[in-house]
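Below is one structure, written out as structure tokens; the observations come after it.
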Amino acid sequence: MAGARFDGVQLNRRDLRQPFPTGFARRLKGQSVRALVRRGKYLLGELSSGDTLVMHLGMSGWFRVEKSKRSTARRNRETDLDNRHDHVVFTMSSGMTVTFNDPRRFGIMDLITADRLARHASLGRLGPEPLSRAFDARTLARRLAKRRISLKAALLDQHVVAGIGNIYASEALHLAGLSPFRLASSLVTRAGAPRGGCERLVQAIKSVLRRAIVLKESERYRGSRFRVYDRDGERCATAGCPGTIARAWQNGRSTFYCPVCQR
DNA sequence: ATTGAGACCTGTCGGC
DNA sequence: TGCCGACAGGTCTCAA
């Protein structure tokens, strides 16, 4: 998409998690993508018009990118590809077709003007990028201070730090040796300074995310080598730790952790 | 303002 | 084999 122009925009339904904005296809057509960037879990297409194409995969969304030589419908029939949930099809000037497929429809596709981007309800208040230099122990401490929620819930809060989901919240806490049940504010001193666990957690978050990106881990989700996620009942991977991975429920989500080495 | 519960959807998997 | 409930990688809204 980057550098290419939208020649065609096909919507196969009127909504995903929310309705497509009015004139979505009309406003996109003819625009080119100046840059394609990521902010937290959002994909942003910066358009020549100044508008931004906001995309989110939700739980089950994904993009299929292929040469648009033949119609995707025909190609899919021939390859037995399941195209029941192809909701949006972008035909780009580069000769590629970009198809958004999302069975659960928790994804988002939105088009907003520049002045509304900063005020966007969720985008405008996202926490820092975890892999940026700006995300350090002091920054995390400031955002955890006075929060009466668990560390696990704090990591899932996109206002605390952007981009961490249910898998990597468990993974980072295990690597940092921190219990998912600990109070978020327990990593911060009375005066608001970071305690030791804060720096360990920052480094653990950066580490698990960098590794995940290199391995394209979630792309091969089922075969992935997570430290704790989906591994309840197995031996803890921490060197010298005799623990067994346990599973618990927190805020309606499953959490995986080692009761022995995470404190 | 902060917090947790429930809602939004479809697909898959394990147990019977 | 088929049916049924539980659960899934995210976020939004609502009520306390």
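Naming convention: chains lettered A, B, ... in sequence-line order (proteins, then strands); numbering from 1 in each chain. Here the structure is a predicted model, which means the values were calculated and not measured.
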Handout entry: Integer-rounded Å distance: dC12(C) P and Asn251(A) CG
Key = 16 Å
Problem - Any Arg147(A) side-chain N or O less than 4.0 Å from OP1/OP2 of dT3(B) - result: yes
Exercise for the section: Nearest whole angstrom, please: distance from the C1' of dT11(C) to the CE of Met55(A). Expected result: 18 Å
Exercise for the section: Answer with base, sugar-phosphate or nothing: what part of the nucleic acid does Gly165(A) contact at a heavy-atom distance below 4.0 Å? Expected result: sugar-phosphate
Under-3.5 Å N/O pairs linking protein and nucleotides 6-9 of chain B:
from, atom 1, to, atom 2, distance (Å)
dC9(B), O3', Arg105(A), NH2, 3.4
dC9(B), O2, Arg104(A), NE, 2.9
dC9(B), N3, Arg104(A), NH2, 3.3

Problem - Gln158(A) CD to dC12(C) P, straight-line distance once rounded to whole Å - result: 9 Å
Problem - Side chain Gln158(A), main chain Gly163(A), donor-acceptor under 3.5 Å - result: yes
Problem - Under 3.5 Å donor-acceptor, Asn101(A) side chain and Asn83(A) backbone - result: no
Problem - Under 3.5 Å donor-acceptor, Ser170(A) side chain and Thr255(A) backbone - result: no
Exercise for the section: Let me know the distance between CD1 of Ile149(A) and C1' of dA1(B), rounded to the nearest Å. Expected result: 13 Å
Handout entry: Sugar-phosphate only, base, or nothing, as touched by Ser122(A) at under 4.0 Å among non-hydrogen atoms
Key = sugar-phosphate
Practice task
Could you tell me whether a side-chain N or O of His159(A) sits under 3.5 Å from a main-chain N or O of Arg125(A), the two making a donor and an acceptor?
Solution key: yes
Exercise for the section: May I ask you to decide if the ring planes of Tyr257(A) and Phe181(A) are parallel, tilted or perpendicular, using 30° and 60° as cut-offs? Expected result: perpendicular
Handout entry: Whole-angstrom distance between dT3(B) and dG9(C), as gauged at atom P
Key = 22 Å
Exercise for the section: Could you give me the stems involving DNA chain C, meaning stretches of three or more consecutive Watson-Crick or G-U wobble pairs whose two defining distances are both below 3.5 Å? Expected result: B:2-8 with C:10-16, B:10-16 with C:2-8
Practice task
Return the value, rounded to whole Å, for the distance between atom CD of Gln250(A) and atom P of dA8(C).
Solution key: 13 Å
Practice task
Determine: side-chain N/O of His56(A) to OP1/OP2 of dG10(C), distance under 4.0 Å, yes or no.
Solution key: no
Practice task
Examine dG9(C): is either OP1 or OP2 under 4.0 Å from a nitrogen or oxygen in the side chain of Tyr168(A)? Give yes or no.
Solution key: no
Practice task
Ignoring backbone atoms, establish whether Gln18(A) has a side-chain N or O less than 4.0 Å from OP1 or OP2 of dC12(C).
Solution key: no
Exercise for the section: Establish, with yes or no, whether the OP1 or OP2 oxygen of dA5(B) is under 4.0 angstrom from a side-chain nitrogen or oxygen of Arg253(A). Expected result: no
Problem - Asn101(A) CG to dT10(B) P, straight-line distance once rounded to whole Å - result: 13 Å
Practice task
Using a cut-off of 6.0 Å, state whether more than 12 heavy atoms not belonging to Arg138(A) lie near its atom CZ.
Solution key: no
Practice task
Side chain of Met59(A) only, please: which of dG11(B), dT11(C), dG10(C) is the nearest?
Solution key: dG10(C)
Exercise for the section: Determine the Euclidean distance between corresponding P atoms of dC9(B) and dC14(C); express it in Å to zero decimal places. Expected result: 15 Å
Practice task
Describe, in one word, how the ring planes of Phe90(A) and Phe6(A) are oriented to each other, choosing from parallel (under 30°), tilted (30 to 60°) and perpendicular (over 60°).
Solution key: perpendicular
Completion exercise
Considering only heavy side-chain atoms of Ile108(A), the closest of dG9(C), dC12(C), dT3(B) is dC12(C)
Fill in the blank from the handout: Arg247(A) atom CZ is separated from dA6(C) atom C1', nearest whole Å, by 10 Å
Handout entry: SB check Arg143(A) Asp157(A) (cutoff 4.0 Å)
Key = no
Exercise for the section: Figure out the CG/C1' separation between Asp157(A) and dC12(C), and round it to whole Å. Expected result: 13 Å
Handout entry: side chain to side chain donor-acceptor pair (under 3.5 Å) assessment of Ser48(A) paired with Gln31(A)
Key = CA-CA 6 Å; Ser48(A) 44; Gln31(A) 298 301 321; 2.9 Å; yes
Problem - Cluster companions of Met59(A) among Ile, Leu, Val, Met, Phe, Trp, Tyr (side-chain spacing under 4.5 Å) - result: Phe106(A)
Practice task
Check every atom of dG4(B), dG10(C), dA8(C) against the side chain of Lys41(A) and return the nucleotide holding the closest atom.
Solution key: dG10(C)
